[in-house]
Protein chains: 2
Amino acid sequence: MHKIQIKQAWTEVERCQHCAIRHLVLFSDLQRKDFELIHKPIDEIEYKLGDVIYKQNETMQFVYTIRSGLVKLVQSLPGGRPRIVRILGQGDLLGIESLNNQQTKHMAISLDKVDLCRIPHSVITSLQYNSPRLHKSLIVRWQKTLAMADFWITQISSGKIKCRVARLLLLLDKKSEGENFLMPTREDIGLMLGITTESVSKTTAEFKRQQWLMISKDNRATLDVKALEQLCSD
Amino acid sequence: MHKIQIKQAWTEVERCQHCAIRHLVLFSDLQRKDFELIHKPIDEIEYKLGDVIYKQNETMQFVYTIRSGLVKLVQSLPGGRPRIVRILGQGDLLGIESLNNQQTKHMAISLDKVDLCRIPHSVITSLQYNSPRLHKSLIVRWQKTLAMADFWITQISSGKIKCRVARLLLLLDKKSEGENFLMPTREDIGLMLGITTESVSKTTAEFKRQQWLMISKDNRATLDVKALEQLCSD
DNA sequence: CGCGCAATTGAGTTATATCAAATACGGTGG
DNA sequence: CCACCGTATTTGATATAACTCAATTGCGCG
């Protein structure tokens, strides 16, 4: 976990204004005068595979936006094994539930090398009183998050295992910004789908035999997208 | 479906300010000067069991808050049976995805007699530029909706059927403001849990034999909450 | 009373979980 | 570079939960 802090306000503004993925992140629609309201440092932080970004039931003073990489949100509830409830990727917002002094509802763990912007709550709250554009940004993000939650329920948590594994792989592919993705452990895939690791393994092994899923030496996955889409199209 | 329109602006303000469940709905924190920004009529609409409040893939000029009753959100996707992705109750926000000219992502259908406030988009957008309190209200609601989505994934869509049925019944009970609730059809419960109607029926029949679930002549359910909570507590 | 729909029940099938073993793999130290 | 270890993955045999299909019962309503 490597941290780059940008201390001077003007530098942050510069950075955010010229951020290559600005159109994807929280501050997409902000204008110069909005940026001038940012008085606290926004850090850029790198995580490597398996790093814990935050734990469940913590209070935080930050939210995060993802610059690159994938992050899993794990929820552990009394009387049930943990379950991965969402995968977040570029532009997604992380830890939003910690606003308003709430505790975090998940443990967030990186699924690969991950690059985040760490934004103090105070930046959000001071902006939200002054920037209708941030407000709109937040609503758009809300809509996207809910759409993902719905997808997780209808496509990832229901149906035949073969279909669910296929859909999940396609989702990981889509969320990986065109690059191939680091294959999650069979156990993690099981926690996403709500099935056992053995069932996952049997399915992915079959996919590999069919050449629908190819895994390189460094554990990166490439898909036969057409074939996998076909698999459950009816 | 019966509509009560409050035409004069001052009357609306009066109504919202004195609304009995104001602390639960979108405008909970609004103050007098916020209300003065409302220039469009907010209608109060009643629906009966099975009424369609809106359909999927529509554009709407309204969002709704629920004054009383329960509403199911059904999502139908190509290549899959429909699935109920959420149940909304008192204070919950309905059709939020229709803001920003998006299409609705679900069909919303009442599960009982339902009372809604219908709020024109313009009320939200004009307030959001002027009322940080509405903004905060929306974020709180976002957090609640996501918590429900997570619950749906971890508790309603995973695990043994007996547990899932029990958890769903307990949820319906909790969302019913202390009153007993109208028992949904076995088919609807199946669409919530992602299982077949027969499996639901076998489970609820068993619960009735155990007296953990009692259904009155008019199809209202009362639970042995303790027993059902016990059922899957480990 | 009987029609129509929803709910229940039962028998047989299938998908997935469970349990146990074997194999592959990545990293470490020699 | 190789041998070894621990962990992850794959595979197989069996048990079980849930689905499917079909029949029956119950219930509200005309």
Side-chain angles (χ1 to χ4, degrees), chain A residues 48-50 72 80-84 109 111-112 156-169 182-221 231-232 234, chain B residues 48-50 72 80-84 109 111-112 156-169 172 181-221 231-232 234:
Chain A
K48 61 182 195 313
L49 172 63
K72 62 177 173 180
R81 34 187 101 113
R83 180 84 197 259
I84 296 175
I109 300 181
L111 285 172
D112 198 347
I156 301 296
S157 303
S158 329
K160 293 287 161 61
I161 283 189
K162 256 167 65 167
C163 297
R164 287 154 72 183
V165 173
R167 290 195 200 107
L168 179 67
L169 292 173
L182 192 64
M183 189 71 184
T185 65
R186 306 301 174 270
E187 189 183 3
D188 267 0
I189 296 180
L191 293 177
M192 298 180 204
L193 304 176
I195 65 179
T196 60
T197 49
E198 292 95 327
S199 293
V200 176
S201 179
K202 280 163 189 170
T203 310
T204 55
E206 169 68 12
F207 285 1
K208 283 195 278 188
R209 277 189 290 272
Q210 300 284 343
Q211 306 259 296
W212 296 338
L213 166 65
M214 285 135 299
I215 298 185
S216 69
K217 227 18 178 324
D218 58 345
N219 202 29
R220 306 214 138 253
L231 195 55
C232 298
D234 56 347
Chain B
K48 60 181 196 315
L49 172 65
K72 62 177 172 181
R81 33 187 102 111
R83 179 87 196 258
I84 297 174
I109 300 181
L111 286 172
D112 197 347
I156 300 296
S157 302
S158 328
K160 294 288 160 61
I161 283 190
K162 257 167 64 168
C163 298
R164 287 154 72 181
V165 173
R167 291 193 200 109
L168 179 67
L169 292 173
L172 289 168
F181 59 91
L182 192 64
M183 188 72 186
T185 64
R186 306 301 174 268
E187 189 183 3
D188 266 0
I189 296 180
L191 293 176
M192 298 180 205
L193 304 177
I195 64 179
T196 60
T197 48
E198 293 95 329
S199 293
V200 176
S201 180
K202 280 163 190 171
T203 309
T204 55
E206 170 68 11
F207 285 0
K208 284 195 277 187
R209 278 189 289 271
Q210 300 284 343
Q211 305 260 295
W212 297 338
L213 167 63
M214 285 136 298
I215 298 185
S216 67
K217 225 26 178 316
D218 58 345
N219 203 28
R220 304 213 142 253
L231 195 55
C232 296
D234 55 347

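Letters go in sequence order (proteins before strands), and every chain restarts at 1.
Atom pair A:Met183:CE and C:dC25:C1' shows a separation of 15 Å (rounding to whole Å applied). As a whole-Å value, the separation of B:Arg186 CZ from C:dC5 P is 18 Å. As rounded to whole Å, 11 Å separates atom P of C:dG26 from atom CD1 of A:Ile215. Here the C1' atom of nucleotide C:dA17 and the NZ atom of A:Lys160 are 16 Å apart, to the nearest Å. When the C1' atom of D:dT20 is taken as reference, atom CD of B:Glu187 falls 16 Å away, rounded to whole Å. Between B:Glu198 atom CD and C:dG12 atom P the separation is 17 Å, expressed in whole Å. The separation between A:Leu193 atom CG and C:dT16 atom P is 11 Å, rounded to whole Å. Rounded to whole Å, the distance from CG on B:Asn219 to P on D:dC27 is 11 Å.
Each of B:Thr196, B:Thr197, B:Thr203 was scored for a side-chain hydrogen bond (donor to acceptor under 3.5 Å, both in side chains) with B:Ser199, with one residue passing: B:Thr196.
Under 3.5 Å, the side chain of A:Lys202 and the base of C:dT18 form at least one donor-acceptor pair of N or O atoms.
Phosphate proximity of C:dT16 to A:Arg164: absent, as no side-chain N or O sits under 4.0 Å from OP1 or OP2. Of the side-chain N and O atoms in B:Thr204, one or more sit less than 4.0 angstrom from OP1 or OP2 of C:dT8. Between B:Ser199 and D:dC19, a side-chain N or O to OP1/OP2 separation shorter than 4.0 Å is present. Contact annotation: A:Thr196 reaches the phosphate of C:dA17 (side-chain N/O to OP1 or OP2, under 4.0 Å).
Checking side-chain atoms of B:Arg83 against main-chain N and O of B:Met192 turns up a donor-acceptor pair under 3.5 Å. Here the side chain of A:Arg164 pairs a donor or acceptor atom with the backbone of A:Gly159 at under 3.5 angstrom.
Summarising the geometry of A:Ile161 relative to A:Ile195, their closest heavy-atom pair is CD1-CD1, 3.7 Å, with the distance given to 0.1 Å. Heavy-atom minimum distance, A:Ile189 versus A:Val200: CG2-CG1, 3.6 Å.
For the pair B:Lys217 and A:Glu206, both in contact range of DNA chain D, the more 5′-proximal nearest nucleotide belongs to A:Glu206. Nearer to the 5' terminus of DNA chain C, by closest-nucleotide assignment, is the contact made by B:Arg209 (compared with the other of A:Lys162 and B:Arg209).
The side chain of B:Ser201 sits closest to C:dT9 out of D:dT9, D:dA18, C:dT9. Set against C:dT16, D:dT20, C:dT8, the side chain of B:Arg81 has D:dT20 as its closest nucleotide. When the nucleotides C:dT9, D:dC19, C:dA17 are ranked by their closest atom to the side chain of B:Ala205, C:dT9 comes out on top.
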